[in-house]
K.L.:
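Quick one: this structure, given as structure tokens, is what I'll be asking you about.
Side chains are part of it too, since the values below use all heavy atoms of this structure and drop only hydrogens, waters and symmetry mates.
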Number of protein chains: 2
Amino acid sequence: MARTTMEDVAKAAGVSRALVSLAYRNASGVSESTRARILSTGNQIGYVHNRIAASLASTKPASIGVFLQDLHNDFFADVYDGIREIAEPKARQLVLSVGSRNHDRDASSLGTLEGAQVGTIIAAGLRMADSDALAHSQRTPLIAIARHIPGVDSVYSDNVFGGQLATEHLLQLGHRRIVFLANPPTDGYLGRREGYETSMLEAGLKPRVIESTYARSDAAEIATELLADTEAPTAIFAHNDQAALGVLDALAARSLVPGQDVSVIGYDNSSVSNTPGTALTSIDLHALELGREATRLALRRFENPDLEPQLVTSTPSLVLRATTGPVST
Amino acid sequence: MARTTMEDVAKAAGVSRALVSLAYRNASGVSESTRARILSTGNQIGYVHNRIAASLASTKPASIGVFLQDLHNDFFADVYDGIREIAEPKARQLVLSVGSRNHDRDASSLGTLEGAQVGTIIAAGLRMADSDALAHSQRTPLIAIARHIPGVDSVYSDNVFGGQLATEHLLQLGHRRIVFLANPPTDGYLGRREGYETSMLEAGLKPRVIESTYARSDAAEIATELLADTEAPTAIFAHNDQAALGVLDALAARSLVPGQDVSVIGYDNSSVSNTPGTALTSIDLHALELGREATRLALRRFENPDLEPQLVTSTPSLVLRATTGPVST
DNA sequence: TTGTAGGCGTTATCAC
DNA sequence: GTGATAACGCCTACAA
């Protein structure tokens with residue numbers, strides 16, 4: 001059976017095909033009553049608006065591409081909620097693309113979105129160099145979330161400040177041997193590390209940075225080694241909540257109590273960090289708001305593609321929970 | 001500037017447009033060397049294969065639609081991983097659609113996928129009546145995950161068995177006042193409740209079912225009321241992990257220790273349940289495998305659309321953690 | 001391998 | 001509001 005088309009709807013409703021088209025786009029030029037009639041008869045004969053054909057024929061792209069690094073990280077779910085909240089009322093279709101475990105494939109994820117002819121791409125957690133992202137944005141406008149890419153629309157969260165916030169919180173609790181579990185250096189969130197180092201140096205302490213990944217298990221392994229050390233840290237600052245959970249795993253395995261024996265602070269304030277029993281102290285990125293702002297930027301760029309690169313800055317805040325406490329004597 | 005098309009690539013590479021088309025679909029009829037040459041020149045002049053146009057022109061749909069109920073629930077992320085694992089090597093593009101907070105909109109989520117002209121839809125966590133899902137599957141083949149819809153391809157997990165598994169675990173620990181925090185009756189996962197009731201009746205006990213939602217906060221509220229009761233339950237079986245977390249929230253607020261003061265068991269064995277400190281006892285649905293099987297069904301249906309409705313059954317298992325323990329005297 | 005003709009289901013435009 | 005026609009960028013089929 002051939003798919004039912006607008007032609008069929010037009011015949012069934014006794015109107016022209018052009019009118020059906022207008023009705024389904026709820027464009028002006030159709031009276032509300034006939035619009036309703038058309039849609040209902042379309043519904044009856046089982047017609048669904050073919051977005052593929054529509055998108056091909058339309059001169060201007062209508063959809064927004066969304067890249068999310070990882071579906072297992074609640075932070076990105078929050079971001080998505082924020083995006084949807086703004087995009088939906090504007091009838092902008094969202095096309096999703098999810099990152100893979102290995103960084104290199106983020107580029108092909110963006111390629112998928114380009115292939116879907118999205119007008120703009122909102123990218124949360126993109127793991128590629130600034131220069132590559134910039135190159136991509138030349139083809140399809142990009143909007144970076146939680147990161148500032150020069151020349152690219154960015155909804156930035158002040159990572160340096162966040163890094164300082166976390167570090168100074170630990171310093172005030174009396175910690176001196178504070179380790180930073182760093183994110184991979186490719187990902188553009190280097191500010192967190194910078195903030196950590198700045199605060200440590202200002203306090204006259206020597207920073208100790210150990211590189212980790214996004215995998216919780218990797219963080220757990222590293223933490224296990226750290227804790228076995230004679231110079232074991234009294235506090236660990238993880239580059240994100242996922243990694244912090246890994247650290248907590250390691251503590252649990254040694255029956256150490258977070259916040260008492262060792263302090264742990266994460267970054268993102270994702271929902272898991274608020275799990276009862278976990279109660280992870282974290283830096284709140286305000287993910288929802290980041291998503292909203294990015295979408296507002298995207299809409300603005302639809303209207304005016306030649307706008308200067310936009311920059312929105314958001315300031316993270318400290319969320320105190322149970323995993324940080326005074327240094328144990 | 002007009003988008004670069006296959007025409008441009010053909011000119012630049014000095015070949016015919018038809019050959020470029022074959023090259024990008026990596027179909028046969030192009031030698032490996034010229035294929036490589038075409039792709040590289042295409043890359044140089046900034047061409048991206050327009051999937052929209054391709055999909056419109058192609059007679060057979062190539063993409064798989066994926067509906068995920070909730071990005072905040074890690075279970076669905078696991079399912080997605082399983083889907084991708086199978087779909088990617090087959091070069092099947094995945095089109096995602098995420099459910100909204102209110103159930104009624106699941107239908108329109110499916111509509112979005114149909115509009116994208118997917119050949120098949122894998123739906124995880126669909127909240128609609130069997131009859132509605134069946135009607136939908138008439139238009140675009142549907143594959144239901146973790147649920148059996150008569151007449152629709154289903155990768156089913158034995159919910160009745162899972163419900164019994166959870167209940168009997170609690171019974172063996174000596175619990176008698178066991179409450180089931182039920183899922184909304186519309187969602188097709190009623191087997192969990194049925195299993196609970198069966199096991200309770202077999203043990204000569206009176207089932208006590210209280211209806212809840214998918215929201216963690218709702219579960220927390222209900223649990224708070226329950227615990228204040230004079231006939232407070234000694235164990236609570238929640239219809240999924242999200243709801244179980246809500247129960248744990250309620251316990252934490254009253255400084256009750258899960259597994260000691262009150263036992264709590266969830267359902268899904270999502271990654272959060274494995275969070276250190278949470279350690280939620282749960283029923284494992286084997287999400288990853290569910291996703292894999294669903295995708296295998298989808299591929300099979302692409303090959304043979306007239307297949308009888310397929311049914312794959314998977315058996316859940318109990319994962320013991322810290323939130324269940326012997327009834328306190 | 002090439003070239004060409006035809007079509008996929010819409011949108012865009014214009015005269016009516 | 002109606003028709004009719006020309007795109008949109010690609011796939012399909014076929015003849016060369």
Side-chain angles (χ1 to χ4, degrees), chain A residues 1-39 41-42 45-63 91 93 114-119 139-140, chain B residues 1-39 41-42 45-63 91 93 114-119 139-140:
Chain A
M1 65 181 176
R3 289 246 175 217
T4 67
T5 77
M6 276 195 173
E7 189 75 54
D8 303 324
V9 180
K11 270 184 199 143
V15 296
S16 71
R17 189 189 356 173
L19 202 58
V20 177
S21 173
L22 291 176
Y24 270 92
R25 289 181 272 161
N26 57 34
S28 58
V30 211
S31 69
E32 249 327 300
S33 59
T34 58
R35 202 179 90 85
R37 188 163 54 87
I38 290 174
L39 261 52
T41 64
I45 66 176
Y47 171 76
V48 290
H49 192 189
N50 188 333
R51 303 272 174 190
I52 298 288
S55 155
L56 180 59
S58 159
T59 51
K60 287 159 195 9
S63 60
Q93 189 139 8
E114 290 184 58
Q117 307 301 113
V118 301
R139 282 221 218 78
T140 303
Chain B
M1 62 175 180
R3 286 248 174 216
T4 68
T5 78
M6 276 193 173
E7 187 76 54
D8 303 325
V9 180
K11 270 184 200 143
V15 295
S16 71
R17 191 190 351 176
L19 202 58
V20 177
S21 172
L22 292 177
Y24 270 93
R25 289 179 274 158
N26 56 37
S28 59
V30 211
S31 70
E32 248 329 299
S33 60
T34 58
R35 202 180 90 84
R37 188 165 53 87
I38 289 174
L39 261 51
T41 65
I45 64 174
Y47 171 75
V48 289
H49 192 192
N50 188 334
R51 304 270 174 192
I52 296 288
S55 154
L56 181 58
S58 158
T59 52
K60 288 162 197 359
S63 59
Q93 188 139 11
E114 289 183 57
Q117 307 301 111
V118 300
R139 282 220 219 80
T140 303

K.L.:
Nearest to the side chain of A/S58 - D/dC11, C/dT1, C/dA12?
P.N.:
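The answer is C/dA12, which lies nearest to the side chain.
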
K.L.:
Please name the pair of heavy atoms, one in B/D8 and one in B/T5, separated by the smallest distance, quoted to 0.1 Å.
P.N.:
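Closest pair (atom of B/D8, atom of B/T5, distance): OD2-N, 2.8 Å.
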
K.L.:
Supply the atom-to-atom distance B/S16 OG to B/E7 CD, rounded to the nearest 0.5 angstrom.
P.N.:
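CD of B/E7 is found 10.0 Å from OG of B/S16.
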
K.L.:
Looking at C/dT2, C/dT10, C/dT1, which one has an atom nearest to any side-chain atom of A/T5?
P.N.:
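Of the options given, the side chain of A/T5 lies nearest C/dT10.
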
K.L.:
Distance check needed: C/dT1 P versus B/R35 CZ, whole Å only.
P.N.:
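Distance check: B/R35 CZ to C/dT1 P gives 13 Å.
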
K.L.:
Using OP1 and OP2 only, check whether a side-chain N or O of A/Y24 sits under 4.0 Å from C/dG9.
P.N.:
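Result: no.
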
K.L.:
Atom CG of A/N50 and atom P of C/dG7: how far apart are they, to the nearest Å?
P.N.:
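Between P of C/dG7 and CG of A/N50: 18 Å.
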
K.L.:
Give the nucleotide from the list D/dA4, D/dC10, C/dT10 with an atom nearest to the side chain of B/M6.
P.N.:
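Looking only at heavy atoms from C-beta outward on B/M6, the closest nucleotide is D/dC10.
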
K.L.:
Between D/dC10, C/dA12, C/dT2, spot the one nearest the side chain of A/R25, thanks.
P.N.:
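Looking only at heavy atoms from C-beta outward on A/R25, the closest nucleotide is C/dA12.
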
K.L.:
Look at all strands and tell whether A/L56 reaches a base, only sugar-phosphate, or nothing, counting heavy atoms closer than 4.0 Å.
P.N.:
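Counting heavy atoms under 4.0 Å across all strands, the contact made by A/L56 includes a base.
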
K.L.:
Rounded to the nearest angstrom, tell me the gap between atom CD in A/E7 and atom C1' in D/dT5.
P.N.:
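It works out to 13 Å between those atoms.
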
K.L.:
Compare side-chain N and O positions of A/S16 against OP1 and OP2 of D/dG1 and report whether any pair is under 4.0 Å apart.
P.N.:
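False: A/S16 side-chain N/O out of range (4.0 Å or more) of D/dG1 OP1/OP2.
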
K.L.:
Would you mind telling me which of D/dT5, D/dG1, D/dA4 lies closest to the side-chain atoms of A/R17?
P.N.:
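Per side-chain heavy atoms of A/R17, the pick is D/dT5.
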
K.L.:
Between C/dC14 atom C1' and A/L22 atom CG, what is the distance in whole Å?
P.N.:
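My rounded result for the distance is 14 Å.
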
K.L.:
Within the 4.0 Å heavy-atom criterion, would you say A/S55 contacts the bases, only the backbone, or no part of the nucleic acid?
P.N.:
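No contact.
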
K.L.:
Atom CD of A/E114 to atom P of D/dG9: distance rounded to whole Å?
P.N.:
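Atom CD in A/E114 sits about 15 Å away from atom P in D/dG9.
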
K.L.:
Between D/dT2, C/dT10, C/dC8, spot the one nearest the side chain of A/A53, thanks.
P.N.:
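The nucleotide sitting nearest to the side chain is C/dT10.
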
K.L.:
Any idea which heavy atoms bring A/R35 and A/V30 closest together, and the distance?
P.N.:
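Result for this residue pair: N-CG1, 4.1 Å.
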
K.L.:
From A/I38 CD1 over to A/M6 CE, what is the distance, rounded to the nearest 0.5 angstrom?
P.N.:
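Result: 9.5 Å between the selected atoms.
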
K.L.:
D/dT12, OP1 or OP2 - any side-chain N/O from B/S21 closer than 4.0 Å?
P.N.:
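Looking at the OP1 and OP2 atoms of D/dT12, neither is under 4.0 Å from any side-chain N or O of B/S21.
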
K.L.:
May I have the distance from A/K60 (atom NZ) to D/dC8 (atom C1'), rounded to whole angstrom?
P.N.:
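Whole-Å distance recorded here is 13 Å.
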
K.L.:
Mind listing the closest non-hydrogen atom pair of A/T140 and A/V118 along with its distance?
P.N.:
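Heavy atoms of A/T140 and A/V118 come nearest at CG2-O, 3.8 Å.
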
K.L.:
If an axis is fit to five pairs at each end of the helix from C/dT1-D/dA16 to C/dC16-D/dG1, what is the angle between the two, to the nearest 10°?
P.N.:
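Answer rounded to 10°: the end axes differ by 30°.
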
K.L.:
Nearest-Å distance, OH (A/Y47) to C1' (C/dG9)?
P.N.:
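Those two atoms, OH and C1', are 7 Å apart.
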
K.L.:
Extract all donor-acceptor atom pairs below 3.5 Å that involve side chains of residues 45-56 of chain A and protein atoms in other chains or at least two apart in sequence.
P.N.:
from	atom 1	to	atom 2	distance (Å)
A/N50	OD1	A/I52	N	2.9
A/N50	OD1	A/A53	N	3.1

K.L.:
Tell me which nucleotide among D/dG3, C/dT11, D/dC10 gets nearest to the side chain of B/H49.
P.N.:
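The answer is D/dC10, which lies nearest to the side chain.
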
K.L.:
Between A/A13 and A/T41, which heavy-atom pair has the shortest distance, and what is it?
P.N.:
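Heavy-atom minimum between the residues: CB-OG1, 3.5 Å.
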
K.L.:
How long is the span from the CZ atom in B/R139 to the OG1 atom in A/T4, to the nearest 0.5 Å?
P.N.:
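B/R139 CZ to A/T4 OG1: 8.0 Å, rounded to 0.5 Å.
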
